[in-house]
Amino acid sequence: MYNKGFLIGNLTKDPDLRYTPSGIPVARFTIAVNRPSAKSEAKEVDFINIVAWRRLAEICGEYLKKGRPVSIEGRLQIRPYEKNGEKKIMTEVVADGMQMLGRKDAVTQKPSDPKAEGTAQEDVPF
Amino acid sequence: MANLNRIILVGKLMNDPDVRFTVEGVQVAKFQMEVDRFEKEGMPKQVDNIDIVAWRDLADICGKYLKKGKLVLVEGRIQIRTFENEAGARKWATEVVARTIKMLGTEQKMEASAPATEKVNDEIPGLDELPVEEESELPF
């Protein structure tokens, strides 16, 4: 069957890069995706969990930082798991493509530098 | 930064759509869809059960034409919603809010679409008389 999602949003925190016991890299992070809304309405945001595996996980761990805008392509996965004996459901997008957006220095720029305060940062929703 | 949130799913309905009206009188349909994952040889078959929500006209169409087991294509956006359960605990639900639903499969060909995209689907008069092969209408 077919399962394909496309998302553009900003990272809410730095990616968490780990390795499975068999040594496969896996990166997890959350992106904030604004819902389309009229100017008068309150802004609503969806926080969507992203998982990347193997080489893509390493790239995400190395280059992605909190606040950075990214484009993600992947499939929506629903995974049951147990936490403290309680059954829970985890919904996440398993990425098979990632594209970094925005200026490279948009996230790391110093706030004291007035010239660096470009338009790129103004749109970050937090 | 313009944000994008778009997903396309193809799968089978796991139940008949549950069609209701909100307090304000807006129609809403909910159902679950079973989407097979890419199969690897020697691995057990895995599926994702994804909640779908449709509103207004699209909800009406879902209630009229969709049935359990039907193969459909759903295009929409991923939404994460918080709610309180009976015990008062805060819970999260992830669902796909449908914008377009297309019925697949040969036994019944129907097309449903939200009003915003309806114009695209306007039929050209006389097109029905053309000898079109059934297969060629499928998008893949």
Side-chain angles (χ1 to χ4, degrees), chain A residues 1-12 30-37 43-50 67-80 86-97 99-103 106-107 118-126, chain B residues 1-14 32-39 45-53 55 69-83 85 87 89-102 104-105 114 116 138-140:
Chain A
M1 308 269 187
Y2 193 68
N3 184 343
K4 197 124 202 125
F6 307 91
L7 301 165
I8 292 176
N10 298 78
L11 269 82
T12 59
T30 303
I31 60 169
V33 183
N34 292 322
R35 287 189 200 163
S37 59
K43 262 199 176 171
E44 286 187 293
V45 185
D46 289 304
F47 296 99
I48 299 171
N49 299 319
I50 312 288
R68 170 135 220 181
V70 283
S71 148
I72 299 285
E73 185 185 335
R75 65 181 171 84
L76 182 64
Q77 167 174 282
I78 297 183
R79 182 169 57 83
E86 200 186 340
K87 276 188 183 164
K88 295 199 169 195
I89 287 172
M90 178 72 161
T91 308
E92 56 206 4
V93 170
V94 184
D96 46 43
Q99 179 77 54
M100 285 171 264
L101 305 171
R103 288 217 318 267
V107 182
T119 50
Q121 192 123 53
E122 283 176 10
D123 300 322
V124 178
F126 38 79
Chain B
M1 168 68 59
N3 279 198
L4 174 74
N5 185 345
R6 188 163 213 210
I7 184 159
I8 303 160
L9 301 165
V10 176
K12 277 184 179 153
L13 265 79
M14 297 177 68
Q32 268 203 322
M33 215 170 128
E34 186 184 76
V35 183
D36 296 356
R37 288 192 196 161
F38 184 76
E39 274 182 68
K45 188 185 157 191
Q46 287 184 303
V47 295
D48 290 301
N49 301 332
I50 299 170
D51 290 318
I52 312 288
V53 187
W55 291 89
K70 245 195 169 52
L71 187 66
V72 287
L73 180 147
V74 172
E75 187 265 322
R77 63 180 172 86
I78 302 171
Q79 167 174 286
I80 294 162
R81 185 169 57 81
T82 54
F83 64 97
N85 69 357
R90 203 160 174 229
K91 295 269 173 190
W92 277 263
T94 305
E95 54 207 9
V96 171
V97 183
R99 199 156 31 204
T100 317
I101 294 178
K102 243 183 168 172
L104 307 175
L138 295 173
F140 36 79

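Reminder, nothing fancy here: chain letters follow the sequence lines and each chain counts from 1.
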Check: Most heavy-atom pairs under 4.5 angstrom with chain B, which of A/I31, A/I72, A/L7, A/I89?
Finding: A/L7
Notebook entry, point to check: Do we see a donor-acceptor contact under 3.5 Å between the side chains of B/E75 and B/T100?
Noted result: yes
Next item on the list: Go through the steps for B/E34 and A/M1 under the test side-chain contact (heavy atoms from CB on, under 4.5 Å), then give the verdict.
Entry: CA-CA 9 Å; B/E34 186 184 76; A/M1 308 269 187; over 6 Å; no
Check: Do A/Y2 and B/L73 have side-chain heavy atoms sitting under 4.5 Å apart?
Finding: no
Item checked: chain A interface, residue from B/V96, B/V74, B/I50 that has the most non-hydrogen pairs under 4.5 Å -> B/I50
Item checked: Nearest non-hydrogen partners of B/V72 and B/M33, listed with the distance -> O-CE, 3.8 Å
Checklist line | Residue B/N49 versus chain A: region with a heavy atom under 4.5 Å | finding: backbone
